[in-house]
Amino acid sequence: KEILIVQPYMKHPLQNRWTLWFYKNDKNKPWQANLRLVTKFDTVEDFWALYNHIQLASRLMSGCDYAVFKDGIEPMWEDNRNKCGGRWLITLSKQQRMLELDQYWLETLLCLIGEAFDDYSNDICGAVINVRAKGDKIAIWTCDTENEEAVLHIGKTYKERLGLPMKVVIGYQAHADTATKSGLGVKNKFVV
Amino acid sequence: GTRIIYDRKFLMECRHSP
């Protein structure tokens, strides 16, 4: 009699549980009502099952966002873990939507779930992608603008992981500044 | 404490595993 030994397939656990949020711009409702918690995941396999299933960012309607945040952190400035923090912001041209948007967003997610920032990964809150007609944006949110060492390490590592050329400069903006920005645009607290 | 880290190569290899 042949004995079949079935190797139980063990999922690979992530350091953190993450939540995927989706925001669809419906002007008739307050913005909080447009924000939906889609699902949570905490293994590599569940991440891929989700990512391979949902619509690519480049195919979302203008005005939509995806956000992936650590479980318990809401993708908004007001959240306790975000209000003293800021974001490394990648602004893309319209042409980049078809070429690089999906690639940059996936790389951002792999940085998050893979804990790519060593011990500074503790400062990571999440990431947001805004699909907009005037130019898409991707950002990684961190929890403390004053933790310069963490912010700069995260920015440098992120820029490398995205494969951005040295001459391309990315900026880190405090949410408090973004929230109160006048028309002039937001000043960068750090750049790499 | 320890931290569970996955590099890009490993994560991409897992993309189409069963």
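When reading the values below, keep in mind they use all heavy atoms of this one structure, side chains included, and skip hydrogens, waters and symmetry mates.
- Residue A/Y66 forms a ring pair (Phe, Tyr, Trp, His ring centres under 6.0 Å) with just one option from A/F22, A/Y51, A/W21, A/Y23, and that option is A/F22.
- Of the N and O atoms on the side chains of A/Y158 and A/T108, at least one donor lies less than 3.5 Å from an acceptor on the other residue.
- Residue A/F47: no heavy atom, backbone or side chain, is found under 4.5 Å from chain B.
- Looking at A/L106, the atoms closer than 4.5 Å to chain B (heavy atoms on both sides) all sit in the side chain, from C-beta outward.
- Screening A/T142, A/N122, A/D123 against A/N147 for a side-chain hydrogen bond (donor to acceptor under 3.5 Å, both in side chains) leaves a single residue, A/D123.
- Within the 4.5 angstrom heavy-atom criterion, atoms from both the backbone and the side chain of A/D119 approach chain B.
- Proximity of A/Q173 to A/N188: side-chain heavy atoms (C-beta onward) are separated by under 4.5 Å at one or more points.
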